[in-house]
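For reference, the structure discussed in these notes is given below.
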Protein chains: 2
Amino acid sequence: MNDLLERLRARGWRMTSQRRVVAEVLAGDHVHLTADEVHARAVARLPEIARATVYNTLGELVALGEVVELSTDGRAKRYDPNAHRPHQHLVCSGCGIIRDVHPTGDPLDVLPPAERFGFTVSKADVTYRGLCPACV
Amino acid sequence: MNDLLERLRARGWRMTSQRRVVAEVLAGDHVHLTADEVHARAVARLPEIARATVYNTLGELVALGEVVELSTDGRAKRYDPNAHRPHQHLVCSGCGIIRDVHPTGDPLDVLPPAERFGFTVSKADVTYRGLCPACV
DNA sequence: ATCCTACGATGGACGTAGTCCAAGTCAAGA
DNA sequence: TCTTGACTTGGACTACGTCCATCGTAGGAT
């Protein structure tokens, strides 16, 4: 988490209290928060922080590759701070909880050239869906 | 496409001109339209059709499993009428065009039991991302 | 330690996607 | 042909996100 702040500073970020708080919220318990949830937690530490600032900061973190943006349902985007270890997501169709999972092999390998239609394919996002133990 | 109307009738659907038009739009050229695009095309055939009706009908088609809902970006959901042949999607990060693709094997097979955390996993949605030939 | 200034924060208006609901309409069975 | 409840309508409303003019401040320069 502090190394995140280090990396940001190294990239020329002006270190404001708002950005620090957003980074801390994300680095806290590793869950997949929506922008408004991040804002709510940030407000607890820095009451004046604006919603637009949270959106801006999240967008910058995504652009820098420090955070991954997920849209697993059609609802609000969620932000995944675990950007440096490749992984996929397992989503409960009942309650919406998201877990990071690690399938074996590279999902790109199973897409044959004939199925690529001339695209330069660079990544594969996999969303496994099912019911969690609490929602059976 | 007519068989779609048959199946809907068999399920007890009251066959209205609105529903017929929405089904026809989806069954037309097989692209992945947003709800508002479906509405625009429906209006061309039936000028009075309301946006809410298109949303309702699309929702019902999804619930019946006749159409698949996609949210590949954080934008509007897209509707895929090709629901009866399992497939995945290849999305161009440049222009957003979507192609149906068929990877080899079942993507569920590569998620080991230890990575399922007690979930009853029922499906895997894979989104391959890259650049299409026109966007290189 | 103080000053400067460009980068960042603010908050309120705005935009887009989608949902809700009360009232009216009509498909299809009697 | 009549009846009825399922379906449609359109406008208000909500959720999520973006934009922008103005203000504030981090951090380099002095």
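Residue numbers start from 1 in every chain, and the chains themselves are labelled A, B, ... in the order their sequence lines are given, proteins ahead of strands. Being a predicted model, the structure only gives us computed values, none of them experimental.
- The NE2 atom of B/His39 sits 12 Å away from the C1' atom of D/dT8 (whole-angstrom rounding).
- With B/His32 as the partner, the side-chain hydrogen bond (donor to acceptor under 3.5 Å, both in side chains) test is satisfied by one option alone out of B/Asp100, B/Thr72, B/Asn82: B/Asp100.
- Residues B/Leu131 and B/Cys92 share a closest heavy-atom pair of CA-SG, 3.9 Å.
- In this structure, the CZ atom of B/Arg19 is 19 Å from the P atom of C/dT25, given to the nearest Å.
- An OP1 or OP2 oxygen of C/dA9 is reached within less than 4.0 angstrom by a side-chain nitrogen or oxygen of A/Thr16.
- In this entry the distance linking CG of A/Leu64 with P of C/dG8 reads 11 Å, nearest Å.
- Distance A/Arg9 CZ to D/dG28 P: 10 Å, rounded to the nearest Å.
- A distance of 11.0 Å separates CG in A/Asn56 from CG in A/Leu61, rounded to the nearest 0.5 Å.
- Across its full length, the helix from C/dA1-D/dT30 to C/dA30-D/dT1 shows an angle of 30° between the axes of its 5 terminal pairs at either end, rounded to 10 degrees.
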Could you go through the side chain to side chain contact (heavy atoms under 4.5 Å, CB included) check for B/His89 and B/Asp80 one step at a time?
CA-CA 10 Å; B/His89 295 99; B/Asp80 185 345; 2.8 Å; yes

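- Applying the salt bridge (Lys or Arg N to Asp or Glu O under 4.0 Å) test between B/Asp36 and each of B/Arg51, B/Arg41, B/Lys77 identifies B/Arg51 as the sole match.
- The aromatic rings of B/His87 and B/His102 sit tilted, their planes meeting at an angle between 30° and 60°.
- For the atom pair CG (A/Leu90) and CD1 (A/Ile97), the distance works out to 9.5 Å, reported to the nearest 0.5 Å.
- The line from CD of A/Glu115 to OH of B/Tyr128 is 9.5 Å long, rounded to the nearest 0.5 Å.
- With sequence neighbours left out, A/Arg85 forms a salt bridge (charged side-chain N to carboxylate O under 4.0 Å, His left out) with no residue at all.
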Show me the protein contacts with nucleotides 10-20 of chain C, counting only N or O atoms at under 3.5 Å.
from, atom 1, to, atom 2, distance (Å)
C/dT10, OP1, A/Gln18, NE2, 3.3
C/dT10, OP1, A/Glu48, O, 3.2
C/dT10, OP2, A/Ala50, N, 2.9
C/dT10, OP2, A/Thr53, OG1, 2.6
C/dG18, OP1, B/Lys77, N, 2.9
C/dG18, OP2, B/Tyr55, OH, 3.0
C/dG18, N7, B/Arg51, NH2, 2.9
C/dG18, O6, B/Arg51, NH2, 3.4

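- Following rounding to the nearest Å, A/Leu58 (CG) and D/dT18 (P) show an atom-to-atom distance of 10 Å.
- Following rounding to the nearest Å, A/Met15 (CE) and D/dT25 (P) show an atom-to-atom distance of 17 Å.
- Judged by atom type and distance alone, B/Arg14 reaches the base of D/dA6 through a side-chain donor-acceptor pair under 3.5 Å.
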